[in-house]
Amino acid sequence: MTRKSGQGRARIGVSGWRYARWRGDFYPRGLPQRRELEHIGSQFPTVELNGSFYSLQRPESYRRWAASVPDDFVFAVKGSRYVSHMLRLRNVEQALANFFASGVLALGPRLGPILWQLPARQHFDAELVEAFLDTLPQTTAEALSLARRHDERLQDRAWLEIDADRPLRYALEPRSDSFADPSSLRLLQEHGTSLVIADTAGTWPRFDALTADFVYIRLHGAQMLYHSAYTEEELREWARLIRGWADGTGADDGKPRDVFVYFDNDARGHAPHDALALSALVADTPS
């Protein structure tokens, strides 16, 4: 999407990139697996890094990923499920220290929003959510300070450097409709945290409130979770919404916002093709 003066930027990509079904389809036949992220970087301006959700990655992996993409490429990083699903946001300071020490900060200027996905059983608890958001570092310098308190699990494998102090952005993807509570929206707004707009084929609630200076969208499939492709009509509607959020005409406050969009309908290989199609529609701004 060509960005006009005073307009946010729309970045559209995919969630993850290591999928066997993409090989010989989205990925050219014979492309070595080690160059798949490089191909992603040639097609999209962003990707959602989801391996970080399942386990702590290593600094050398983050450094290799950062070196595989263009300078203006952005990684959204999915926060650890140990924090969100096991600790359930309680007593998370040590786990957050390990997460930030694992190499996230090695992405440098390519580090984009950090996503925290909550399980459906996690209902809105104002005191708990506020305590969690208060614990999150707001800048890379704060994250570095927290990372230095990592435990022995990161001994000899921690990344404790930053190239500059930059603000951090967070997005929250709850799967309980209790987060539609007005006090939830106010809390997220106060902390500048984006409430994820997730399309989940009706499996989980969809929230459309804009609670931050950026919008985070996850497209898991409109008809069949993770499996269905998006129709042209569905993509055109998303393109209309994205343009409105980027230029401010679709926001109640009229403020332009950066928009991050990630397709997660990977089960049948639709995600990269849908992302390319949506990118073209968003770029084709109506006169």
Side-chain angles (χ1 to χ4, degrees), residues 1-13 45-46 48 74 76 112-118 120 122-130 132-134 136 138 167-222 230 233-264 274-275 278-279 281-287:
M1 178 177 180
T2 302
R3 178 167 48 176
K4 300 176 182 177
S5 177
Q7 178 172 296
R9 176 169 181 178
R11 293 178 178 268
I12 299 168
T46 188
E48 190 178 75
V74 170
I114 297 172
L115 167 70
W116 299 101
Q117 181 191 87
L118 304 182
Q122 183 74 60
H123 298 287
F124 176 65
D125 177 325
E127 185 176 349
L128 176 65
V129 173
E130 183 171 24
F132 173 67
L133 296 179
D134 284 342
L136 295 175
Q138 296 304 300
L168 293 173
R169 282 171 155 174
Y170 296 101
L172 190 72
E173 184 182 17
R175 290 180 164 175
S176 164
D177 56 13
S178 60
F179 279 81
D181 188 300
S183 59
S184 165
L185 304 183
R186 285 195 299 270
L187 189 58
L188 293 174
Q189 288 171 344
E190 290 167 2
H191 288 79
T193 301
S194 181
L195 180 60
V196 171
I197 300 171
D199 188 20
T200 64
T203 305
W204 298 294
R206 171 172 160 177
F207 304 99
D208 290 296
L210 304 183
T211 59
D213 64 356
F214 72 102
V215 182
Y216 198 112
I217 304 169
R218 304 190 80 214
L219 300 178
H220 302 285
Y230 280 84
E233 182 180 359
E234 290 164 345
L235 291 176
R236 286 190 180 280
E237 175 59 15
W238 281 110
R240 184 188 66 80
L241 292 170
I242 290 164
R243 286 195 295 263
W245 291 324
D247 66 17
T249 60
D252 289 343
D253 59 8
K255 295 179 180 178
R257 286 167 166 81
D258 290 338
V259 184
F260 297 85
V261 186
Y262 300 99
F263 281 87
D264 191 30
D274 286 348
L278 180 60
S279 297
L281 289 170
V282 171
D284 185 21
T285 306
S287 57

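Applying the side-chain contact (heavy atoms from CB on, under 4.5 Å) criterion to Arg206, with sequence neighbours excluded, gives Ile197, Asp208, Trp238, Leu241.
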Fill in: Derivation of the side chain to side chain contact (heavy atoms under 4.5 Å, CB included) call for Leu172 and Tyr170
CA-CA 7 Å; Leu172 190 72; Tyr170 296 101; over 6 Å; no

Discussion item. I'd like to know whether Phe260 forms a side chain to side chain contact (heavy atoms under 4.5 Å, CB included) with Arg169, so could you lay out the CA-CA distance, the side-chain angles of the two residues, the decisive distance to 0.1 Å, and finally the verdict.
Written reply: CA-CA 12 Å; Phe260 297 85; Arg169 282 171 155 174; 3.5 Å; yes

Item to complete: For the pair Leu115 and Glu173, evaluate side chain to side chain contact (heavy atoms under 4.5 Å, CB included) and give the outcome as yes or no after the intermediate values.
Response: CA-CA 7 Å; Leu115 167 70; Glu173 184 182 17; 4.0 Å; yes

Practice prompt. Report the C-alpha separation of Leu136 and Trp116 in whole Å, then their side-chain angles, then the decisive distance to 0.1 Å, and conclude whether the side chain to side chain contact (heavy atoms under 4.5 Å, CB included) test is met.
Written response: CA-CA 11 Å; Leu136 295 175; Trp116 299 101; 3.9 Å; yes

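Heavy-atom minimum distance, Asp284 versus Arg243: O-NH1, 3.9 Å. Scanning both residues, Ala246 and Val259, for their nearest heavy atoms gives N-CG2, 4.1 Å. Taking all atoms of both residues into account, the shortest heavy-atom contact from His191 to Leu187 is ND1-O, 3.0 Å. Taking every heavy atom of both residues into account, Ser176 and Pro205 meet most closely at C-CG, 3.8 Å. In plain terms, the two heavy atoms of Phe214 and Ser194 that are nearest each other are O-OG, 3.3 Å. Closest approach of Pro174 and Leu118 over heavy atoms only: CA-CB, 4.0 Å.
Note that CH2 of Trp245 is 6.5 Å distant from CG of Leu210, once rounded to the nearest 0.5 Å. Distance check, rounded to the nearest 0.5 Å: CG of Leu188 to CG of Leu133 gives 6.5 Å. Atom-to-atom distance recorded for Phe263:CZ and Leu235:CG is 5.5 Å, nearest 0.5 angstrom. Taking CD of Glu48 as the start and CZ of Arg218 as the end, the distance is 4.0 Å to the nearest 0.5 Å. His123 NE2 to Phe179 CZ: the interatomic distance, rounded to the nearest 0.5 Å, is 9.5 Å. Interatomic distance, His220 NE2 to Thr203 OG1, rounded to the nearest 0.5 Å: 9.5 Å.
The backbone N or O of Pro45 lies less than 3.5 Å from a partner atom in the side chain of Arg11, making a donor-acceptor pair. Judged by distance alone, with hydrogens and angles left aside, the side-chain atoms of Asp258 form no donor-acceptor pair with the main-chain N or O of Gly8 at under 3.5 Å. Under the 3.5 Å distance criterion, the side-chain polar atoms of Ser184 are left unmatched by any main-chain donor or acceptor of Ala180.
Side chains of Leu185 and Leu195 form a contact here, defined as non-hydrogen atoms less than 4.5 Å apart.
The residues Glu233 and Arg236 are annotated as not salt-bridged, no charged nitrogen and carboxylate oxygen being separated by less than 4.0 angstrom.
Ring orientation note: the planes of Tyr216 and Tyr262 are tilted relative to one another, at an angle of 30° to 60°.
Each of Ile242, Thr46, Val282, Val215 was checked for a side chain to side chain contact (heavy atoms under 4.5 Å, CB included) with Val261, and the lone residue meeting it is Ile242.
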